[in-house]
Amino acid sequence: MLIREATADDWPRIWPFWHRIVAAGETYSWDPDTGEEAARALWMSPAKRVYVAEDPSGAVVGSAYLTPNYGGPAAGIANAGFMVDPDQGGRGIGRALAEHVLAAAAAHGFRGMVFNAVVETNPAVALWTSLGFTILGTVPEAFDHPRHGLVGLHIMYKALQPAGPAPRPDERATPGT
């Protein structure tokens, strides 16, 4: 499996599974009716470093982004988002993307990574904890899951580097660097 930086030409191959995942309303807090252009703006924003995972045939089977979670003095903490084509689950794609993005975040000087809203029923919670993330807290009944009703949203964190000075903004996840 090849993981590489995404280009604008990859969006038409990301959109079908992005739409399917968000429309299901089970794992992301984005509007399930998000249209393609709004979705592209959310996922492919210039402030994000976006990656794709390709299978041996060259098909895009997953995507992830890396971005600062906060601005200013707190910009040394990263955030990321991950999606794997539901038809490709169980093949280690999510883990491979996660390991790639965590390494990229550390290489770009981020001191830690935070996920602001991980649905507590999301199977990815097990992946994140296996990769060293801890649940800092849970906002109870914050997500109206279509099958489970009101469930909590976890805030998860992983330290990436020892504490130290924050990298300069031009050293962070700026696409093309």
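Not measured: the values here are computed from a predicted model.
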Handout entry: Residues T138, I155; criterion side chain to side chain contact (heavy atoms under 4.5 Å, CB included); working and verdict
Key = CA-CA 6 Å; T138 303; I155 300 153; over 6 Å; no
Problem - Test side chain to side chain contact (heavy atoms under 4.5 Å, CB included) applied to E99 and L131, step by step - result: CA-CA 8 Å; E99 290 171 348; L131 290 171; 4.1 Å; yes
Practice task
Could you walk me through whether T67 and N69 pass the side chain to side chain contact (heavy atoms under 4.5 Å, CB included) test, one step at a time?
Solution key: CA-CA 6 Å; T67 191; N69 191 63; over 6 Å; no
Exercise for the section: Any chance you could lay out the side chain to side chain contact (heavy atoms under 4.5 Å, CB included) test for E36 and W11, step after step, and finish with the verdict? Expected result: CA-CA 10 Å; E36 184 173 2; W11 177 251; 3.2 Å; yes
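By the criterion of side-chain heavy atoms lying less than 4.5 angstrom apart, applied directly or through intervening Ile, Leu, Val, Met, Phe, Trp or Tyr residues, I135 is grouped together with F133 in one hydrophobic cluster. Cluster membership for V61 and Y51, using ILVMFWY side-chain heavy atoms within less than 4.5 angstrom, is shared. If you chain together hydrophobic residues whose side chains sit under 4.5 Å apart, L97 and L127 fall into the same group. If you chain together hydrophobic residues whose side chains sit under 4.5 Å apart, W30 and V50 fall into the same group. In the hydrophobic clustering of this structure, V84 groups with V125; members are Ile, Leu, Val, Met, Phe, Trp, Tyr whose side-chain heavy atoms approach within less than 4.5 Å, directly or through other members.
Smallest separation of non-hydrogen atoms from V60 and F17: O-CE2, 3.8 Å. What you find for I21 and M83 is that their closest heavy atoms are CD1-CB, 3.8 Å. Shortest non-hydrogen contact noted between G58 and R13 is O-NH1, 2.8 Å. The nearest pair of heavy atoms linking F110 to L160 is O-CB, 3.6 Å. Residues P32 and G25 share a closest heavy-atom pair of CG-CA, 4.4 Å. Nearest heavy-atom pair across A78 and A105 is CB-CB, 4.4 Å.
Note that CE of M113 is 10.0 Å distant from CD1 of I77, once rounded to the nearest 0.5 Å.
Residues V52 and I14 meet the side-chain proximity criterion, which asks for heavy atoms closer than 4.5 Å. Taking 4.5 Å as the limit, some side-chain heavy atom of M1 sits within range of a side-chain heavy atom of I93. The closest side-chain heavy-atom distance from V114 to Y70 is below 4.5 Å. You'll find the side chain of V119 reaches within 4.5 Å of the side chain of V151, heavy atoms only. Under the 4.5 Å side-chain criterion, counting only non-hydrogen atoms from C-beta, I3 is not in contact with E54. Side-chain contact check for R20 versus P86: some heavy-atom pair is nearer than 4.5 Å.
Judged by distance alone, the side chains of D55 and S57 do bring a donor and an acceptor atom under 3.5 Å apart. In summary, the side chains of S130 and R95 do present a donor paired with an acceptor at a separation below 3.5 Å, with no hydrogens or angles considered.
Remark: aromatic rings of F82 and W128 are close, center separation under 6.0 Å. Ring centroids of H154 and F115 are separated by 6.0 Å or more, keeping the two rings apart.
The pair R4-D10 meets the salt-bridge criterion, with a side-chain N (NZ, NE, NH1 or NH2) lying under 4.0 Å from an Asp/Glu carboxylate O.
Side chain of K158 to backbone of L102: no donor-acceptor contact under 3.5 angstrom is found. Side-chain atoms of T34 come within 3.5 Å of backbone atoms of D31 as a donor-acceptor pair (strictly under, hydrogens ignored).
Taking the six-membered ring where the residue is Trp, W15 and W18 present parallel rings, their angle staying beneath 30° rather than reaching 60°. The aromatic rings of H145 and H148 sit tilted relative to each other, their planes meeting at an angle between 30° and 60°.
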